[in-house]
Amino acid sequence: MSKSKKSFRPKARVPRGLRDQSGAQLQAERWMLDTIAGVYARYGFELLDTPAFEYADALGKFLPDQDRPNEGVFSFQDDDEQWLSMRYDLTAPLARYVAENYDSLPKPFRRYQWGPVWRNEKPGPGRFRQFIQIDADSVGAPGMAADAEMIAMMADCMDALGIARGDYVVRINNRKILDGILETDAEISPTDPASEEKWLTAMRALDKHDRFGWEGVEKLLGEGRKDESGDYTKGAGLSRENIDNVRTSLSAAFTVSGAPSSPSAQPSGQLSKYVPGDIDKLVDRLGRSTIGLQGLSELEEIAACLAALGIGSDQVVFDPYVVRGLGYYTGPVFEVELTFEAENEQGEMARFGSVGSGGRYDGLVEMFKGVEVPATGCSFGVSRLMAALEALGKTQTDEGQSPVVVLVMDKERIADYLVMVKELRDSGICAEMYMGGSGMRAQMKYADKRRAPLVVIEGEDERAVAQVTLKDLILGEQLSNEISDNEEWRSGAQAQVSVPRAGLVEGVRNMLIRIDGRQG
RNA sequence: GCCGCCUUAGCUCAGUUGGUUAGAGCGCUGGAUUGUGGAUUCAGAGGUCCCCCGUUCAAGCCGGGGAGGCGGUACCA
């Protein structure tokens, strides 16, 4: 305070990319987690929790090194100098858990899990360095039914959250189909050392279709692309002919061309349900690629399962541009996208995009066990879903959490006020006595800020006639909005009633019911 | 990581060719209006002009460096 003392005072600020969350927001988030967890549990998954950090080598790829221990992940050294890292997702810890407890677990092991994860990367709007994920995975499940279940479950979650059909879509793909297309149309393959780099770049290019459109993808498949800020991204260097071939194959998935194919020509009657384009043509294009055809046949299996699970084409659609993480997913991949637009904080119309994703990763547990353990899973990003639900007005908050405030009109009578709050609490009503030191006006302001539905007033006047005054703050606010022209606000008696002191609980309950009824 | 823009009160922002005590609105705190939040009115608190170095008699303003924020882009489990 005084300059002579020069006391050090830390600046009160939350670290960048992190945030505080308060009451209503947390309640909405809890409701969302409960809703999704409820769906997962109904599908038969069991709950698991693992620690916030792991030995760094157990988290796989992003190993810290001495120079940059916090690149991507947050890391620190234990007393024995072993590196520990904060988990950056829930899948790597699951793989560690399964490997560590392999013999005692039921196979397949089907678990769900939610909790915060940390990533040390540049924060953006709706992107934080700590955020919550909620995942479900089947480990040791080789069949496509397990993948189909994930897809169906994600769609079910969106329904359960109250997001209308058409406002979301689960886009599904199989990475083997893309491998097939790149193999036949561009002669590149991930297993061929000569073209591995091209394959990576090409896959990344396709992944950007939703942001840049085909025009941008084409540049990235070819020479490269310059962005708005003038930054240049080097492309995969495919030839004009190769790029055109890739486009022809991809477009078969979206558009029906030539003569309509006979239904009997399709091996599965269900795949066409989820593919907006021409399956025969796609088969034709992939003809020379065994991996491509395998991908397609896996997709057929998934489609059959989805149909059996009652999933409609208004929920799930095939989209060959879904790529997801490279070097991680091995087959089917999918993501949930919100398709509606909503006004953001700046008043601009914005899309929310992908709020969840998943896919098959048959190589992850192998990292620990040395044997391949097929696995598939899905994950929702809770923060982005929250933002979207808020925009839709679909968040559920429990308004009953705001307390009834008992005013302290007479500091000599605090025991009396404590008796009142106890009576209210004993009958299940959230209530508190004002614990500050200020006068009545400040107490009203306090109650207002707490969004208290009503206040209880017992001053000299009330006590003289063994009554209490109950003031409906919500009705009072409405009245003041409508009639605030003159200075009749001072009459103050609006929106309040007197009840006998002995009928406090009943009076409060009745007023709460009236408030609840008004708010529908 | 790379590119561009930005940084003055809690918030949104003024601030002249460099010139004395840096302002407004909203918000906040307190008072008035019999014992009442939202009306009216009066008053008050609140600033390292992002930080450091430099130029100058003099820097919120000019120069250099750094940090932080925003928007792209790259990487991404």
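Note that these values count all heavy atoms, side chains included, but never hydrogens, waters or copies made by symmetry. Just so it is clear: chains get the letters A, B, ... in the order the sequence lines come, proteins before strands, and each one is counted from 1. As the structure is a prediction and not an experimental result, all values here were calculated from the model.
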Discussion item. Heavy atoms only, 4.0 Å cut-off, all strands: where does A:Glu462 land among base, sugar-phosphate and nothing?
Written reply: base
Item to complete: Could you grab the distance from atom CZ of A:Phe45 to atom CE of A:Met153, nearest 0.5 Å is fine?
Response: 4.0 Å
Worksheet, complete the sentence: When pairs are called at under 3.5 Å and a stem needs at least three consecutive Watson-Crick or G-U pairs, the stems of RNA chain B are B:1-7 with B:67-73, B:10-13 with B:23-26, B:28-32 with B:40-44, B:50-54 with B:62-66
Fill in: Distance-minimising heavy-atom pair for A:Met150 and A:Ser138
CE-N, 3.6 Å
Practice prompt. Let me know the distance between CG of A:Leu454 and P of B:G37, rounded to the nearest Å.
Written response: 16 Å
Worksheet item: Rounding to a whole Å, what distance do you find between A:Arg129:CZ and B:A77:C1'?
Response: 17 Å
Worksheet, complete the sentence: Judged by nearest nucleotide, the residue sitting upstream toward the 5' end of RNA chain B, A:Glu460 or A:Arg324, is A:Glu460
Worksheet item: Is the backbone N or O of A:Ser438 less than 3.5 Å from a side-chain atom of A:Gln443, with the two atoms forming a donor-acceptor pair by type?
Response: yes
Worksheet entry | Below 4.0 Å: OP1/OP2 of B:G37 and any side-chain N or O of A:Arg441 | yes
Discussion item. From CZ of A:Arg119 over to P of B:A77, roughly how many Å is that when rounded to an integer?
Written reply: 8 Å
Worksheet item: So does A:Arg518 pair up with A:Asp472, basic N to acidic O under 4.0 Å?
Response: yes
Fill in: C1' spacing across the pair B:A9 / B:C5, given as an integer number of angstrom
24 Å
Discussion item. Between B:C50 and B:A22, how many Å separate the two P atoms, rounded to a whole number?
Written reply: 15 Å
Worksheet item: Roughly how many Å is it from CZ in A:Arg225 to P in B:U73, rounded to a whole number?
Response: 7 Å
Worksheet item: Is A:Arg110 salt-bridged to A:Glu149, cutoff N-O under 4.0 Å?
Response: yes
Item to complete: Taking atom P in both B:G68 and B:U29, compute the distance separating them and give it to the nearest angstrom.
Response: 33 Å
Worksheet item: Rounded to the nearest 0.5 Å, what separation is found between the CZ atom of A:Arg501 and the CD atom of A:Glu423?
Response: 4.5 Å
Response to the item:
Distance col, row A:Leu84:CG vs A:Asp78:CG, nearest 0.5 angstrom, shows 4.5 Å
Discussion item. Can you check the distance between B:G71 and B:G18, where both ends of the measurement are the P atom (answer in whole Å)?
Written reply: 33 Å
Worksheet item: For atom C1', what is the distance between B:C6 and B:C13, given to the nearest Å?
Response: 14 Å
Worksheet item: Are A:Tyr321 and A:Arg171 close enough that some pair of their side-chain heavy atoms sits under 4.5 Å apart?
Response: no
Fill in: Basic-acidic side-chain contact under 4.0 Å: A:Asp461, A:Arg463
no
Discussion item. Using whole Å, what does the distance between atom P of nucleotide B:C75 and atom CD of A:Glu121 come to?
Written reply: 13 Å
Worksheet item: What integer distance in Å separates A:Gln443:CD from B:G37:P?
Response: 11 Å
Item to complete: Return yes when atom CZ of A:Phe53 has more than 12 non-hydrogen atoms of other residues, nucleotides or ligands closer than 6.0 Å, and no otherwise.
Response: no
Item to complete: When you get a sec, tell me which of B:U73, B:G37, B:G35 is the closest nucleotide to the side chain of A:Met440?
Response: B:G35
Item to complete: Please report, rounded to the nearest Å, how far the P atom of B:U34 is from the CD1 atom of A:Ile457.
Response: 16 Å
Worksheet item: If we take the P atom in both B:U21 and B:G4, what is their distance in whole Å?
Response: 38 Å
Practice prompt. Mind running a 4.0 Å heavy-atom check of residues 200-216 of chain A against RNA chain B and sending the residues that fall below it, in number order?
Written response: A:Arg204, A:Lys208, A:Arg211, A:Phe212
Worksheet item: For A:Lys471 and B:G35, what is the distance between atoms NZ and P respectively, to the nearest whole Å?
Response: 15 Å
Worksheet item: Expressed in whole Å, how much space separates the C1' atoms belonging to B:G47 and B:A14?
Response: 15 Å
Practice prompt. State which of B:G37, B:G72, B:C28 makes the closest approach to the side chain of A:Lys449.
Written response: B:C28
